[in-house]
Amino acid sequence: MKLKTSRFGEIDIENDRIITFPDGIIGFRELKKFALIAKKSQALMWLQSVDDPQIAFVVTDPFSFDVTYDPILSAEDREHLELEDATDARYLVIVVVPPNPKEMTANMLGPIVVNAKKKIGRQVILVDSSYSVKQPILSGRPQVESTSDPNVLVG
Amino acid sequence: MVGDDVEVRIVEIKGEHVKLGITAPREIPVHRKEIFEAIKRENIKAAQSKVKDLGEANNLIKKKEEQNQSAPRPDKKPPKGASPEE
């Protein structure tokens, strides 16, 4: 399909690159469809809104820079994603690229999970986790203390 | 109690502030509003980024990946997070 974007002009995107987000992205609930625009051998990709030409997120594969990343999906999230087989899950994290790209950060606490088979996407919030919403990509994970029982949240 | 298995306790009362503790089974996600708001803020920041050219950022990541490959790996096998390219 033809897609209008503010960054790339009008682009042609294969239909199988369109991912449906039934609940949108957090803060952008009304945007339900995105296209993943990737260039070969480049770590950073664009997740471009189909509905709003202005909105695109820079995303990347979190495992490429953090081999210890271990996101655990809740039963609820698996259900939303219609994920029957865990191997169908693909993970992306949203990257903030500031004017100095050395300071770019990734949201490891709220990764985007895609059911690769059904092309359903969802931004999940990891419960059982000490991950940061702004983990520096280049310098690695800062040590964050975790609660002894991550299922008990006090706030 | 909320339903059969979600427990809400008052942990502490200090002046005007009440600290609540929530115990819920693993299947029920309990998200603090601050976490939700923090993710929303990062999303908005990401969407507003003016960066168009990711060339330099891509090069920096590539360099980091090369360093990771030459550094000794942790024992744990990385989870399979294949790129959507495949």
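The chains referred to below are lettered A, B, ... by the order of the sequence lines, with proteins before strands, and numbering in each begins at 1.
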### Message
Report which part of A/Pro99 has an atom under 4.5 Å of a heavy atom belonging to chain B: side chain, backbone, both, or neither.
### Response
neither
### chain B contacts, top residue of A/Ser64, A/Ala116, A/Gly110 (heavy-atom pairs, under 4.5 Å)
A/Ser64
### Message
Quick one about A/Asn115 and A/Glu82 (side-chain donor to acceptor, distance below 3.5 Å, no hydrogens or angles considered), yes or no?
### Response
no
### Exercise: do A/Gln123 and A/Asp23 side chains pair donor with acceptor under 3.5 Å
no
#### Entry: chain B contact via A/Ser49 - which portion, at a heavy-atom distance below 4.5 Å
neither
### Query
Contact part of A/Ile55 toward chain B, heavy-atom cut-off under 4.5 Å: side chain, backbone, both or neither?
side chain
#### Entry: Cluster overlap B/Phe36 with A/Val133, hydrophobic side-chain contacts below 4.5 Å
yes
### Query
Going by atom types only, do A/Ser74 and A/Asp77 share a side-chain donor-acceptor pair under 3.5 Å?
yes
### Message
Which one wins on heavy-atom pair count under 4.5 Å against chain B: A/Val95, A/Val97, A/Ile25?
### Response
A/Val97
### Message
Quick check on A/Phe8 against chain B: is it the side chain, the backbone, both or neither that has a heavy atom closer than 4.5 Å?
### Response
neither
### Query
Counting distance only, does the side-chain N/O of B/Lys19 pair as donor-acceptor with the main-chain N or O of B/Val11 below 3.5 Å?
no
